[in-house]
Amino acid sequence: MNFEEQLLQILNSCDKDQLNKYLNDDESADLLVKSMEHYQKLLKDKDDLQAKNRQMAESNLKLEPVLNNLKSQLKEKISEFEQVRQEYLSAKEFYEAHSFANSEFSLNSIYNSLKQSAIKDEENSDQSADQFFCSYNVQHTDDELNNFQRQFLEDRTQVHLKKIKADKLKELLPN
């Protein structure tokens, strides 16, 4: 039996004086509602949900140190990855430079390769800056900002050095 049916059944069994009492006395109307089985069930459900919610919150709080530890491990791994990636790119660039030196390339092709490499590296540094600053709902720590700034300046320095080398090489080329 639902709440409305139960309330109607109780009110139908009341005499006129009892109905007037419920109508004029809020306290007795409250007592009537609070004594109903459906209301008692709702209170029990509310208490059960609050207890379950409290238990879940406590469980989540116990897991917070594990989450923070995993976050720091992830940051370390990302840093290690970036370092290894830079080493790989340097080794690749060194290999490509030496393989170019061993083959017969003209100064023009070396100039064009150096120029293209500078453009590519500049685009990559712009893209990493965009990714770093345009991520939503992320607040970067001072360490993250310092690491990004250091890496960005290193990347930009390499870009400018390549551009300078390309310009110097262009001066050596016959017109």
Side-chain angles (χ1 to χ4, degrees), residues 2-3 38-175:
N2 69 24
F3 178 75
H38 188 69
Y39 180 83
Q40 296 298 323
K41 184 182 180 307
L42 287 176
L43 281 179
K44 183 184 179 308
D45 290 348
K46 176 187 158 194
D47 291 341
D48 290 346
L49 287 173
Q50 284 177 333
K52 186 175 180 180
N53 190 25
R54 186 178 306 108
Q55 182 183 18
M56 289 172 61
E58 289 170 356
S59 175
N60 286 343
L61 287 174
K62 288 178 184 176
L63 293 174
E64 187 176 20
V66 173
L67 178 64
N68 289 337
N69 184 27
L70 290 173
K71 282 181 182 180
S72 67
Q73 287 178 7
L74 178 62
K75 285 179 184 178
E76 288 174 18
K77 294 299 179 188
I78 289 172
S79 177
E80 289 174 19
F81 169 77
E82 286 300 322
Q83 182 180 357
V84 170
R85 181 177 167 270
Q86 287 300 324
E87 291 172 6
Y88 164 76
L89 291 175
S90 294
K92 180 181 172 191
E93 188 176 314
F94 179 79
Y95 170 76
E96 289 173 352
H98 281 77
S99 67
F100 288 154
N102 291 335
S103 59
E104 294 180 14
F105 280 99
S106 67
L107 287 178
N108 269 338
S109 63
I110 294 172
Y111 165 74
N112 288 333
S113 294
L114 191 57
K115 186 176 168 185
Q116 290 301 320
S117 178
I119 290 170
K120 180 182 163 196
D121 289 351
E122 187 173 31
E123 289 173 354
N124 287 343
S125 70
D126 287 342
Q127 188 178 27
S128 70
D130 288 344
Q131 287 175 347
F132 184 80
F133 288 111
C134 292
S135 51
Y136 293 102
N137 296 330
V138 175
Q139 293 185 351
H140 299 288
T141 64
D142 287 343
D143 287 340
E144 289 173 324
L145 287 171
N146 290 337
N147 288 338
F148 171 76
Q149 182 182 20
R150 180 186 44 77
Q151 185 62 47
F152 184 77
L153 289 175
E154 287 175 13
D155 293 345
R156 282 301 180 151
T157 301
Q158 289 300 315
V159 167
H160 291 297
L161 288 174
K162 285 180 182 180
K163 285 183 177 181
I164 291 169
K165 289 177 183 178
D167 290 344
K168 291 293 181 184
L169 186 58
K170 186 177 182 181
E171 291 175 5
L172 298 175
L173 295 174
N175 290 338

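Below, each value reflects all heavy atoms present in this structure, side chains not excepted, and no hydrogens, waters or symmetry copies. Residue numbers count from 1 along this sequence.
- Nearest heavy-atom pair across Ala129 and Phe152 is CB-CE1, 3.9 Å.
- A donor-acceptor pair is defined here as one N or O able to donate and one able to accept, closer than 3.5 Å; no such pair exists between the side chain of Ser79 and the backbone of Lys75.
- Taking CZ of Arg54 as the start and OG of Ser59 as the end, the distance is 14.5 Å to the nearest 0.5 Å.
- A 6.0 Å sphere centred on CG of Asp142 holds no more than 12 heavy atoms belonging to other residues, nucleotides or ligands.
- A distance of 6.5 Å separates CZ of Phe133 from CG of Leu145, quoted to the nearest 0.5 Å.
- Taking the six-membered ring where the residue is Trp, the centroids of Phe132 and His140 are separated by under 6.0 Å.
- Asp167 has no carboxylate O lying under 4.0 Å from a charged side-chain N of Lys163, or vice versa, which leaves the two without a salt bridge.
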> Run the side-chain contact (heavy atoms from CB on, under 4.5 Å) check on Glu64 and Leu67 step by step: do they pass?
Replying inline: CA-CA 5 Å; Glu64 187 176 20; Leu67 178 64; 5.6 Å; no
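- Separating the NE2 atom in His160 from the CG atom in Asp121 is a distance of 11.5 Å, to the nearest 0.5 Å.
- Once rounded to the nearest 0.5 Å, the distance linking CG of Leu74 with CG of Asn69 reads 11.5 Å.
- Ion pairing between a basic and an acidic side chain is recognised when a charged N comes within 4.0 Å of a carboxylate O; Arg85 and Glu82 show such pairing.
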>> Quick one, Asp48 with Lys44, criterion salt bridge (Lys or Arg N to Asp or Glu O under 4.0 Å). Give me CA distance, side-chain angles, the key distance, then yes/no.
In response: CA-CA 6 Å; Asp48 290 346; Lys44 183 184 179 308; 3.0 Å; yes
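- Using a cutoff of 4.0 Å between basic side-chain nitrogens and carboxylate oxygens, Lys62 and Glu58 are not scored as salt-bridged.
- Judged by distance alone, the side chain of Glu144 and the main-chain N or O of Thr141 form a donor-acceptor pair under 3.5 Å.
- Across every non-hydrogen atom of Ser125 and Asp155, the tightest pair is CB-CB, 4.1 Å.
- Counted within 6.0 Å of CD on Gln73, heavy atoms from surrounding residues, nucleotides or ligands total more than 12; the atom is thus considered enclosed.
- Residues Asp47 and Gln50 form a side-chain contact, since some pair of their non-hydrogen atoms from C-beta on lies under 4.5 Å apart.
- Summarising the geometry, atom CD belonging to Glu122 is positioned 13.5 Å from atom CD belonging to Gln158; distances are rounded to the nearest 0.5 Å.
- Residue Tyr111 holds its OH atom at 13.5 Å from NZ of Lys168, rounded to the nearest 0.5 Å.
- With respect to Lys41 and Asp45, a salt bridge is recorded, a charged nitrogen being found less than 4.0 Å from a carboxylate O.
- For the residue pair Lys162 and Ser117, the shortest heavy atom distance occurs at NZ-OG, 2.8 Å.
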